[in-house]
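Encoded as structure tokens, the structure appears first; notes follow it.
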Amino acid sequence: MTISVGDKLPEATLSKIGAEGPEAVSVSDLTKGRKVVIFAVPGAYTPTCHSAHVPSFIRSMDALKSKGVDEVVCVAVNDAFVMKSWGEDTGAAKAGITMLSDGMGELTEKLGLLFDAPPVGLKGRSKRYAMMVEDGVVKVYHPETGKGCEISGGEAMVEAL
């Protein structure tokens, strides 16, 4: 079963690179008492993720903040080192997007959003989506249905808020 509007996010541990190396980030701490937009991609540096999905949120940061969003987070089933480099390479980090690793796919699996795409070498990756969570509860959920990111992109999230 996949996550849906009204559901509380499951507890999971994500990670990021901090001053001393990898740091754990609990989903409950991330979202407690806050309005957070979380978007997920199948993989760092993959074509649509790199050239369309992340840029859509970079373009939308000011509008999201003006709608009361405390933080915008990008999640991928990649390691924290890759997510840090990808955030720097895309300009996401400079724009204020938090790049978090779901390296073991814990959150993605609990959300019911894991998939495999053997023809392109992807195993245990996240389906593409965006959600807005208030105090840990999903208020807006945009699962992507096509190959692009029109439904799950930054502009669509701004419109939904």
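Leu9 and Val25 fall within a single hydrophobic cluster, where Ile, Leu, Val, Met, Phe, Trp and Tyr are joined by side-chain heavy atoms under 4.5 Å apart, directly or via other members. In the hydrophobic clustering of ILVMFWY residues, with side-chain heavy atoms under 4.5 Å counting as a link, Ile58 and Met83 come out together. Taken together through direct or relayed side-chain contacts under 4.5 Å among Ile, Leu, Val, Met, Phe, Trp and Tyr, Val27 and Leu111 form part of one hydrophobic cluster. Linking ILVMFWY residues whenever their side-chain heavy atoms come closer than 4.5 Å, directly or via other members, places Ile3 and Val5 in the same cluster. Under the 4.5 Å side-chain heavy-atom criterion for grouping Ile, Leu, Val, Met, Phe, Trp and Tyr, Val54 is connected to Met157 within one hydrophobic cluster.
Clustering of Ile, Leu, Val, Met, Phe, Trp and Tyr by side-chain heavy atoms under 4.5 Å joins Ile17 with Phe81.
Ser56 and Glu155 get closest at one heavy-atom pair: CB-OE1, 3.3 Å. The minimum heavy-atom distance linking Pro143 with Ile151 is given by the pair O-CG2, 3.4 Å. Between Val41 and Cys74, the shortest heavy-atom contact is CG2-SG, 4.3 Å. Among all heavy-atom pairs drawn from Met99 and Gly87, the shortest one is CG-CA, 3.7 Å. Contact record, Ala160 with Val140: CB-CG1, 3.9 Å, taken as the closest heavy-atom pair. The nearest pair of heavy atoms linking Lys110 to Pro10 is CB-CG, 3.6 Å.
A heavy-atom distance below 4.5 Å is not found between the side chains of Ile38 and Val72. Leu161 places a side-chain heavy atom less than 4.5 Å from the side chain of Met132. Between Arg125 and Asn78 there is a side-chain heavy-atom pair separated by less than 4.5 Å.
Side-chain atoms of Thr98 never come within 3.5 Å of backbone atoms of Val73 as a donor-acceptor pair (strictly under, hydrogens ignored). Between the side chain of Glu144 and the backbone N or O of Lys127, no donor-acceptor pair lies under 3.5 Å. Judged by distance alone, with hydrogens and angles left aside, the side-chain atoms of Ser66 form a donor-acceptor pair with the main-chain N or O of Ala63 at under 3.5 Å. For the pair His53 (side chain) and Ser152 (backbone), a donor-acceptor distance under 3.5 Å is present. In this structure, Asp102 contributes its side chain and Leu107 its backbone to a donor-acceptor pair below 3.5 Å.
Of the inter-residue distances, the one linking Leu64 atom CG with Ile97 atom CD1 reads 9.0 Å to the nearest 0.5 angstrom. The CE atom of Met104 lies 13.0 Å from the CG atom of Leu14; values are rounded to the nearest 0.5 Å. Remark: Met131 CE to Lys139 NZ distance equals 13.5 Å, nearest 0.5 Å. In this structure, the separation between NZ on Lys84 and OG on Ser15 is 13.0 Å, given to the nearest 0.5 Å. For the atom pair Arg128 CZ and Cys49 SG, the distance stands at 4.0 Å (nearest 0.5 Å).
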*So Leu30 and Leu100, side chain to side chain contact (heavy atoms under 4.5 Å, CB included) or not? Walk me through it.*
CA-CA 11 Å; Leu30 177 69; Leu100 294 180; 4.0 Å; yes
_Would Val69 and Val36 count as a side chain to side chain contact (heavy atoms under 4.5 Å, CB included) here? Give the steps._
CA-CA 6 Å; Val69 172; Val36 180; 5.9 Å; no
*Given side chain to side chain contact (heavy atoms under 4.5 Å, CB included), test Thr2 with Leu113 step by step and report yes or no.*
CA-CA 6 Å; Thr2 62; Leu113 296 169; 3.9 Å; yes
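With no hydrogens or angles considered, no side-chain donor-acceptor pair links Ser101 and Asp79 at under 3.5 Å. With no hydrogens or angles considered, a side-chain donor-acceptor pair links Asp89 and Tyr45 at under 3.5 Å.
Taking the centre of each ring, Phe39 and Tyr129 stay at or above the 6.0 Å mark.
The aromatic rings of Trp86 and His50 lie parallel to each other, with less than 30° between the two planes, well short of the 60° mark.
Remark: Glu11 engages Ser28 in a side chain to side chain donor-acceptor pair (under 3.5 Å) (not counting sequence neighbours).
The salt bridge (charged side-chain N to carboxylate O under 4.0 Å, His left out) pairs that include a residue from residues 28-57 are Arg34-Glu71, where partners are two or more places apart or lie in different chains.
Atom CG of Asp70 has more than 12 heavy atoms from other residues, nucleotides or ligands within 6.0 Å.
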